[in-house]
Peer 1: 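My structure is below; once you've seen it, I'll send some questions.
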Amino acid sequence: MPDRMRVICRSEDLQERGPGVRFDLPELGERVTGFAVRYNGLPRAYVNRCAHVPVELDWNEGDFFNVARDYLICATHGAHYQPETGYCVMGPCKGKGLVKIAVFECDNEIMIQLDSIS
Ligand code: FES
């Protein structure tokens with residue numbers, strides 16, 4: 001496994017458009033978290049910080065999708081983000097985006113690459 005790769009969960013922990021898996025990101029500071037979801041078959045991971053105000057997206061832990069389960073949503077003011085890109089399409093931070101984390105699936109494990117976080 002290359003340096004700075006970290007296993008965050010098993011493949012079966014990420015169900016299509018299901019609850020997200022949260023993980024700590026001490027590299028980015030105290031109490032900073034990230035999350036991963038599965039969307040259109042692939043894992044997607046982001047820093048769990050809204051582009052509007054730096055708060056976590058999920059009020060209910062692990063709850064990242066909107067009701068239709070086609071966008072990631074911030075529980076605070078309702079910003080909607082594309083799950084594939086993290087781009088904000090609706091809400092107070094429209095046009096901005098979540099910080100993406102490179103994520104891989106291999107041997108039934110989901111891994112993030114920490115070097116990819118800036
Ligand atoms: S804090 Fe996320 S939309 Fe305002």
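In each ligand, atom 1 is the first atom listed, and ligand 1 is the first ligand listed.
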Peer 1: Please answer whether the main-chain N or O of Thr33 pairs with a side-chain N or O of Arg49 as donor and acceptor at a distance below 3.5 Å.
Peer 2: no
Peer 1: Quick one: does Asn48's side chain have a donor or acceptor within less than 3.5 Å of a partner on Leu57's backbone?
Peer 2: yes
Peer 1: For Arg38, is there an ion pair with Glu12 - N to carboxylate O distance below 4.0 angstrom?
Peer 2: no
Peer 1: Taking 4.0 angstrom as the limit and counting only heavy atoms of Val55, give me the atoms of ligand 1 inside it, by number and element.
Peer 2: 1 (S)
Peer 1: So that I can check it, does any N, O or S atom in His52 come closer than 2.8 Å to atom 2 (Fe) of ligand 1?
Peer 2: no
Peer 1: Write out the residue and atom name of the closest protein heavy atom to atom 3 (S) of ligand 1, then the distance separating them to 0.1 Å.
Peer 2: His77 CB, 3.4 Å
Peer 1: Could you tell me if any non-hydrogen atom of Gly91 lies under 4.0 Å from any atom of ligand 1?
Peer 2: no
Peer 1: Within 2.8 Å of atom 4 (Fe) of ligand 1, is there any N, O or S atom belonging to Cys93?
Peer 2: no
Peer 1: Measure from the side-chain N and O atoms of Lys100 to the backbone N and O of Val47, and report whether any donor-acceptor pair falls under 3.5 Å.
Peer 2: no
Peer 1: Out of all atoms in ligand 1, which are within 4.0 Å of some heavy atom of Pro92? Include the element for each.
Peer 2: 3 (S)
Peer 1: Give the atoms of ligand 1, by number and element, whose distance to some non-hydrogen atom of Thr76 is under 4.0 Å.
Peer 2: 1 (S)
Peer 1: Looking at Phe64 versus Phe35, is the centre-to-centre ring distance below 6.0 Å?
Peer 2: yes
Peer 1: Using a strict cut-off of 4.0 Å, indicate which atoms of ligand 1 neighbour a heavy atom of Val53.
Peer 2: 1 (S)
Peer 1: Once you restrict to heavy atoms under 4.0 Å, what part of Leu57 touches ligand 1? Side chain, backbone, both or neither.
Peer 2: neither
Peer 1: Is Glu16 salt-bridged to Arg69, going by a charged N under 4.0 Å from an acidic O?
Peer 2: no
Peer 1: Could you see which bit of Cys74 sits under 4.0 Å from ligand 1, with heavy atoms only: side chain, backbone, both or neither?
Peer 2: side chain
Peer 1: Taking 4.0 angstrom as the limit and counting only heavy atoms of Ala79, give me the atoms of ligand 1 inside it, by number and element.
Peer 2: 3 (S)
Peer 1: I'd like to know if the side chain of His80 reaches the main chain of Gly78, judged simply by a donor and an acceptor atom lying under 3.5 Å from each other, with no hydrogens or angles considered.
Peer 2: yes
Peer 1: So does Gly86 get a backbone contact from the side chain of Tyr46, meaning a donor-acceptor N/O pair under 3.5 Å?
Peer 2: yes
Peer 1: If you measure from each non-hydrogen atom of Ala51 to ligand 1, which part falls under 4.0 Å: side chain, backbone, both or neither?
Peer 2: neither
